Each structure stands twice: as C-alpha cells, then as structure tokens.
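Just so it is clear, the structure is predicted and the values come from calculations on it, not from any experiment. Counting starts at 1 for both ligands and their atoms, following the listed order.
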Amino acid sequence: MKVLRVLALVLLSLGLAFPPLQAFDKQPPGVFRARRVALAASLNGGVAVLFAAEESQLDFTPYRQDSDFFYLTGWTEPGAALMIVGETKQASTPRAYKEILFLPARNLRMEKYTGVKMDAATPGVAEAAGVDDVEPMTELPAELSRLLTADRKLLDNLWTQPGAPQAAPLLSFTATALGTGMSPRPHDVTTLTMPLRQIKDDGEIGLIKRASAASVLAQRVMMQWWVKPGMTERAIAGAMTAVWMENGCERPSYAPIVGSGINSTVLHYSANDRTMQDGDILLVDAACEYSMYAADITRTVPVNGHFTPRQREIYSIVLGAQQAAIKAFVAGKSTINDRDRLDPNSLDTVAYNYINTHGKDLHGQPLGQYWLHGLGHMMGIDVHDPANYPVVLRPGMVFTIEPGIYIPEEKLGVRIECDFLVDRDGKLVDLDAGLPHTADEIEAAMLAGKGTAK
Ligand code: GLY
Ligand code: MN
C-alpha cells in the first residue's frame with residue numbers, strides 16, 4: 001500500500017490525478033438527435049435501418065456497442081435497431097423526418113446472466129433513449145413494410161450497415177411481405193456516417209482528451225516505475241491497464257503492444273510474453289478508451305533507462321520525421337495515410353523523405369525501407385475511425401502521426417505516436433503534449449522513477 005500512496009502523491013504533485021468519475025460520460029440527447037437529423041438530410045428521402053451490436057452468450061466475451069449505432073444514439077444496450085426516415089417533399093409521396101428506436105423484448109432468464117435491460121414497455125424508456133419514438137422490435141418489419149407499401153420507389157433508397165447480419169433477413173422478409181420477387185439491395189449507410197464522424201464536436205473532443213489524459217498517465221507510469229530488466233512485457237500491459245481503469249476508462253482501445261528487443265519490430269505484436277533484458281529497446285503502443293472514445297499512443301524507451309548510441313540515433317530520426325510532418329502541416333491541404341508517398345501535400349511523403357535521407361542500415365542503405373505502415377489514421381469512437389485514405393486534414397479532425405523504423409536485423413523497432421486535433425483555427429494540437437517526446441525527456445522520466453518502491 002506504501003506503493004499506492006507514493007504513486008498518488010507523485011501523481012498529485014504532477015497535477016495528473018483526476019477527480020472521481022461517473023461510470024459513463026454521455027453527451028446530451030440533443031447531440032445525438034442532431035446527428036440523426038444530419039444523417040437523414042443525406043438520405044435524399046430514403047430510409048436507414050441500423051442495428052446495435054449483440055451481446056455474446058453469457059457475456060464471456062466483452063460487449064461493445066456498434067460504433068455507428070453509438071454515434072447516432074448514445075444507446076449502449078445490445079440488440080436494438082434504429083430507423084431514420086429522411087424527409088421528402090415530393091408531391092406524390094411526401095414524408096416527414098421520423099426516428100424510431102426498436103428494442104428487443106426483455107429476456108428475464110438471460111438478464112440473470114447479463115444484467116437488467118430496458119424494453120419499449122420500460123417506464124421512462126423514451127426519455128432514457130432520447131429518441132422521438134421507442135417501439136418493440138417486432139414492429140420493425142411492420143413499420144418498414146408500411147413505408148414501402150406507401151412508396152415502392154423507396155426500395156431503391158434503403159440504407160443499412162453492410163456487416164449487420166439482421167439486415168438481409170429483414171429485407172428478404174419485407175420483399176415477401178410486399179409480394180416483390182427480389183430482396184432489395186440496400187446502400188451502405190456507413191458511407192454516410194463516415195464523413196459525419198470525421199468532424200468531431202466539442203463534446204467528442206472532450207471525451208478524446210479524457211482518453212488521452214489517462215493514456216498519457218499510464219505511459220508515464222510505465223516509463224517511470226515499471227520498465228526495468230527482468231520485468232515481463234505482460235506486467236507492463238497489466239500496470240497500464242490498472243491506471244486506465246482507475247481513471248474511468250472502460251477498456252484498452254486496442255490490444256496493448258508491449259514489444260521488447262526483436263518484438264519491437266513486429267507492428268501489431270500482442271503476445272507480450274517476453275522478459276525484458278538489459279540493453280533492449282521497448283516499444284509500448286498502448287492506450288485506452290474513455291466513454292467509447294479512443295486514444296492511441298506509442299512511446300519507445302530503453303529498458304535500462306539509457307538509449308545506446310544506435311538506439312538514440314534511430315529514435316531521433318523517427319522523432320525528426322514526426323516533427324517534419326508537424327511543421328509541414330497546413331489545414332485543408334495536408335493529407336494523411338498516403339501509401340504512395342509521392343504527393344507533396346501528403347504528410348506521409350514529408351515523413352518518408354525525412355527517414356529516407358537520415359541515417360543508414362548496417363549495409364549502408366537508406367532507412368525508408370524499414371517504415372512499413374501509413375503515417376497515421378483517423379481516431380474517435382474507433383481507434384481507427386473509418387476513412388477513405390488519403391484524407392485531407394480539416395478543423396475538427398482527430399488523427400495520429402506515428403512514423404516508425406523497424407530493423408529486425410538489429411532487434412530495433414522505434415515508433416513514436418501522438419494524437420492530434422485540428423482546432424477551429426486550423427492549428428494542430430498535440431493531445432499528448434504532457435508526455436516525454438525526445439530521447440532526453442524519456443531518459444529523464446525514467447531516471448525520476450528510479451529508487452521509488454514498486
Ligand atoms: N496503435 C495501433 C495502430 O494504430 O495500428
Ligand atoms: Mn495508431
């Protein structure tokens with residue numbers, strides 16, 4: 001317990017401890033309604049039906065709400081459906097905007113395993129959902145058939161998630177109900193939610209900042225107190241998970257990557273089962289999710305607290321590439337995740353050119369060949385928020401800049417990953433500014449933790 005007291009005191013002195021948090025930090029209902037109205041506006045008079053995620057049998061595997069469903073409703077319970085009807089003023093078939101949340105009937109036996117749920121008959125459910133209308137799920141096919149019977153042209157303007165297993169049976173039953181031979185072929189509604197999700201509102205930015213702050217704290221605790229020869233990679237992941245959860249986060253935003261030595265060169269390494277050795281490099285790509293919003297942070301540190309000259313050289317090149325990309329950034333012009341690395345507006349090109357013109361491998365060859373992935377990705381409800389890359393970076397967007405060099409021959413992998421917001425003025429804001437960036441800062445943070453009991 002001495003350890004926890006020391007930790008709490010140090011965190012408080014760093015101004016890093018958070019006030020107690022409520023279980024789930026949800027944006028006000030009006031925010032979700034505005035998103036549904038925005039989606040309806042892009043339906044061109046069509047109808048969208050989205051499905052929530054299903055809870056696994058007996059809850060043995062973790063449940064997480066479908067990202068688009070959450071974005072549009074804030075509803076976190078499983079098994080629901082959302083119908084949005086787009087307004088049309090067409091004289092023959094005018095329709096007003098309409099939204100209905102369909103909820104499955106409660107299953108009292110399953111609730112003994114997975115907890116109490118709401119259904120359409122639960123008192124106060126409409127208020128809890130913040131949706132105009134809440135109906136039992138049994139009404140979904142009836143409601144859809146009614147709309148299509150009144151206007152069969154709607155068959156060509158149906159939208160749903162391509163991955164939702166419920167969509168095909170619903171549509172084929174509807175075709176039967178309408179006496180139509182062929183099941184309608186729906187459009188992909190995620191192509192409409194994607195651009196909406198890319199521009200974050202202030203509330204979303206606040207949630208991402210909470211995820212970032214808890215992730216920064218865990219990264220700092222990692223480098224200051226946990227990394228040393230003899231420690232396992234998995235123990236590092238465990239210690240970071242404890243910090244995230246103490247700070248109100250519900251889960252890691254992806255499987256923690258804690259790769260020492262040769263494992264630092266494996267991009268999505270997740271076994272985390274090696275014991276770290278003196279002289280190893282350690283790549284820690286690990287961050288958490290706060291109230292459904294992700295952070296994504298990587299730091300690379302020396303296991304014994306001191307970079308070797310070669311580790312420091314490669315680290316400085318990766319950092320230089322990140323800084324070159326940051327310097328080149330122009331809102332509304334720069335792009336990210338351009339695998340061709342030829343377009344001068346692409347930050348990938350800038351970072352690649354930096355890496356390829358600094359340093360050499362053991363055979364005197366340039367280092368560009370050792371960077372294998374895109375420079376970054378959109379981030380939000382998903383750690384990799386949906387996007388058609390390359391994306392032009394605009395105000396309200398949140399994304400990562402994460403150059404890396406991975407040289408298996410030298411058992412040396414370095415990635416530095418920070419999360420950025422383009423603010424309203426088009427300025428780039430580093431959400432991980434509170435975390436060491438340079439090799440010197442990392443060594444200083446590791447030194448500061450030495451001698452503190454664990
Ligand atoms: N942090 C893992 C990734 O971005 O792929
Ligand atoms: Mn990433």
Ionic contact status for E289 with R64, cut-off 4.0 Å: yes
Salt-bridge contact D132-R33 (side-chain N to carboxylate O under 4.0 Å): yes
Name of the residue among V391, L421, V392 meeting side-chain contact (heavy atoms from CB on, under 4.5 Å) with M397: V391
Cation-pi, F32 ring and R35 (6.0 angstrom, 45 degrees): yes
Those protein residues which place at least one heavy atom below 4.0 Å from ligand 1: Y254, H268, D285, D296, H377, H384, E402, E417
R197 bridged to D382 by N-O distance under 4.0 Å: yes
The Mn ion (ligand 2) neighbourhood, protein N/O/S only, threshold under 2.8 Å: D296 OD2, H377 NE2, E402 OE2, E417 OE2
Side chain to side chain donor-acceptor pair (under 3.5 Å) partners of T193, counting only residues at least two apart: D68
R185: partners by side chain to side chain donor-acceptor pair (under 3.5 Å), with sequence neighbours left out: none
Pair D432 + R220: basic N to acidic O under 4.0 Å: no
Charged tip of R415 within 45° of W371 ring normal and under 6.0 Å: no
